[in-house]
Amino acid sequence: MYSTFEGSKAPGPKGEKDEKLEIPNASSFEAPLRPKRQQVARACDSCRMHRIKCDNNVPCKNCVSRGEQCVNKSPGERRTLPQAYREIDRLKQKVKELEEQLEKERGKSSVVSTATPPFALTPPGTSDCTPTPDNVGVSSATAGTNQQVWGGVMSSTGQSSQKTWYGPSSLFYYINRMNTYLSAVFQQLHPDDLIQLKSVAKTFATPDCSPAEDDDKTDTKDVSQTVSNEAYLTPTQEEYFLNLYWQSYHPTLAIIDETEFRKHYRSLATTPGKPRKPSPLVDIVIAVSMQVGMAMAQRHSSRALPATEVGKDDPSIAGRLYYRRCQRLLYNEQEAPTLMTVQCHMLSAVYTCCAAFQNMSHVALSLAVRSAHMLGLHTEPPSDLPVPTRDLHRRVWWSLYTFESKTCMKLGRPFYTDADSTSCSLPAHDHRVASLAGSDFALPDENTTWLTYTLYNCKLLLSARQVHTTFYDKYPEFYSGSTGRVIYDDPAALERYAEFLSTAMKPFEDWVRSVPSALKAKREGDGQPLSTDRSPIVMEQFVPPWLQRQRLLLELLYHILRLNLYRPFICFPSMATEAPELGTMSLSHAASAAEHSIAVTRIFHHIVTNTDLLVGFHEAFQWQWNAALTLAGYLFAYPTSSIAVPVRESIDLSIVVFEDFGRSFGTSLGAATVMRDLAIKIDFLAELLRGSNLQASTPPSTQDPAAAGQFTTETAIVPPASEITFSQEPFASTIDMAYSVDNSGDLEMLWPPIGNMPDQWWFHAQPPGLNGIGEGFPG
């Protein structure tokens, strides 16, 4: 069985190493050579699921014989043993975390089920104030005092499992509250990941997802007219994207003097035919323009983006090579920043925000604010500066101030900028200033210029920040912590808080009255601009796109800011033995949040299905996502509301909007999928409620009778249970997971089963009327 060979000779002088080793009867030891097995680089999904050999053809023979689609979408292939070990460790840690979450949820349910306060406004064991794995410090005392502050949640919103803090005004806080409620209703853990988008930030740690390259290498001789994310552009391609910037971002973010920029760009030229010199400002302008330009190109392309994952070719990270070079160049300007440094940090915040890297965008804004402070931009510009320069400094500072305020309110975090230390006057917008600003845009009317938008956008966000600060600073005065651990546990305090918010909203009303008609989007019939009367928006003919875009963004931002302030009053129902009594004002604010969300969705639906005005404006997509989830949460909380029908219709409209946005970038397709799944849950719960005799109260509609009358009240909220179609995809995913370790990372995407409905399930709802919908409050 065993054969003995002579040992190898010790290596000798050169020339001896090629000597053959003599073996007696060598032929007797020879064995037939085994043919080398053909290796397959990557088996398709179907072959891996069935554990059979794949021939690496597209489509493969197995898929052809079974009549299946041959695809290979599974990410994260591990090609080396160390990588496989790291992936196993990561999966083990993920399983451990999920098991710990499940044990805590079960423990809390068993403890609280026997001692639930009868009027708790949140499900037992999953109160808004109860710390959970993703919810810590919801309410805590201010350091050195006994005052209560409204805390937030810790949530992982990127590729890393590291969690970051989001305050009560953020969408992530609202998602956590909604998931807490759904976990209690379905009696199974409903993690935040189920509703968070599968964006670029979930796939890559940074926008720079390509391998490290030498940024100093600027040879473009291999660059064709096909734009690539892995190579710098040719001069003609750069010119295209720069021209696109002046027509897209520039009218709504007037922080660059176009004339001075063009002079700077020409100064970077070298030998004809050679690449220009690097410039951080030029690079970041091209990067944000490529996000818009590549989204437009993708929209009109025949290539479909995947809905399950976002890859390197997604338009939201187009131009990342320029973004990365800009960041490297900015590193050298930290000690001696210039106005260009501030401009670059602001545009970097725009780029990362549109790519869904919210924390990176927040960091970029903090660098912009600190650099602006170093330059004294927060003070009145010196009188010895030229007039155009002084006006540019004001626009840069106030654009930064409002951008940072908007971001901090969106994330629920403290502000960097401080109004008390700001002495810079608001930017001017008269004809003389507009003519000296370096750009040539038509005058909308005798009192309005292309810079008027900057002023009223600034005033809008100043009004919103005033209301936001006043509202959250007053929290300790309305809730002392004596009842429960958060204000949702004290209905009387919540109602007083809602009444206070009503008095604090006056700055918004003053702003609406002050906006010039040239900046208001027209409505059909007697509809009022900047209102929630649900009248269709009118797109005027022969109006330049930059002006139409200014009008749309101004109105959409107005609705988003207001719905964010009203949304905390959407109170998810309790599973206690009695229905909680919510105050009239609290319910009215919840309905107002839904009304503003309806307004946002209807505007978006009209725009994206009839124009290309918002293609590439990824922040606008985030606004629609914010409104859509607000609508979904509202129906979970108030399924028999008097406005339930238009809310449910708007959810369907939002899916259409996301599908249309999905023609431009993949994240939106994932949003459409999430909203479909939420709609199924909403319809299921509403149908369950329709067959029960639950007693509750309905939020009053904020609509006047005439406006509300345009929607028929005889339309069923949901179809009969027999007509509800449930997707088979979750079951297919379960089978895939059983056979393929590559799909184990998708555990978090499975919806929990919608059975196991608890017997005690209370809504904030009024006994339904003849049409199956709540009748509202009497009188």
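Everything quoted here is computed from the prediction, not taken from an experiment.
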Pairing of Lys263 and Glu258 as salt bridge, 4.0 angstrom limit: no

Carboxylate-amine/guanidinium proximity below 4.0 Å for Lys406 and Glu619: yes

Heavy-atom pair of closest approach, residues [X] and [Y]:
X	Y	result
Thr379	Ser423	CA-OG, 3.2 Å
Ser289	Leu244	O-CD2, 3.6 Å
Tyr401	Ala419	OH-CB, 3.2 Å

Under 30°, 30 to 60°, or over 60°: which ring-plane class applies to [X] and [Y], parallel, tilted or perpendicular?
X	Y	result
His250	Tyr245	tilted
His378	His373	perpendicular
Phe617	Tyr249	tilted
Phe441	Trp450	tilted
Tyr456	His429	perpendicular

Results of salt bridge (Lys or Arg N to Asp or Glu O under 4.0 Å) for Arg390 - residues two or more places apart only: none

Counterpart residues, salt bridge (Lys or Arg N to Asp or Glu O under 4.0 Å), relative to Arg299 (two or more places apart): Asp612, Asp660

Looking at [atom1] of [X] and [atom2] of [Y], how far apart are the two atoms once the value is rounded to the nearest 0.5 Å?
X	Y	atom1	atom2	result
Leu330	Met340	CG	CE	10.0 Å
Phe357	Phe204	CZ	CZ	8.5 Å
Ile607	Gln624	CD1	CD	12.0 Å
Leu519	Leu547	CG	CG	7.0 Å
Ser248	Leu614	OG	CG	12.0 Å
Asn564	Thr630	CG	OG1	7.0 Å

Test side chain to side chain contact (heavy atoms under 4.5 Å, CB included) applied to Ile317 and Tyr351, step by step: CA-CA 8 Å; Ile317 50 174; Tyr351 183 88; 4.2 Å; yes

Side chain to side chain contact (heavy atoms under 4.5 Å, CB included) between Val656 and His605, intermediate numbers included: CA-CA 7 Å; Val656 176; His605 182 264; 3.8 Å; yes

Can a donor-acceptor pair be found, under 3.5 Å and without considering hydrogens, that links the side chain of [X] to the backbone of [Y]?
X	Y	value
Arg395	Ile255	no
Asn243	Glu239	yes
Thr271	Lys274	no
Thr452	Thr448	no
Thr402	Trp398	yes
Gln622	Cys353	yes

Qualifying residue for ring-ring contact (aromatic ring centres under 6.0 Å, His included) with Phe658, from Phe621, Phe665, Phe604: Phe621

Strictly by modelled atom types, are [X] and [Y] linked by a side-chain donor-acceptor pair under 3.5 Å?
X	Y	result
His559	Glu555	yes
Ser316	Gln291	no
Glu238	Tyr322	yes
Thr449	His431	no
Gln298	Ser664	no
Ser155	Thr157	no
Ser425	Glu380	yes
Ser267	Tyr265	no
Arg465	Thr417	yes

Worked verdict on His393 versus Leu339 for side chain to side chain contact (heavy atoms under 4.5 Å, CB included): CA-CA 8 Å; His393 282 198; Leu339 180 63; 3.9 Å; yes

Worked check of salt bridge (Lys or Arg N to Asp or Glu O under 4.0 Å) between Glu87 and Lys94: CA-CA 10 Å; Glu87 177 67 7; Lys94 182 67 175 179; over 6 Å; no

Taking the side chain as every heavy atom from C-beta outward, state whether [X] and [Y] have any pair of such atoms under 4.5 Å apart.
X	Y	answer
Gln343	Thr338	no
Gln548	Thr611	no
Val600	Leu556	yes

Distance under 6.0 Å and angle within 45° of ring axis: Arg325 vs Tyr232: yes

Residue Asp440 excluded, over 12 heavy atoms near CG under 6.0 Å: no

Stepwise side chain to side chain contact (heavy atoms under 4.5 Å, CB included) check, Trp246 with Ile256: CA-CA 10 Å; Trp246 304 123; Ile256 298 176; 4.0 Å; yes

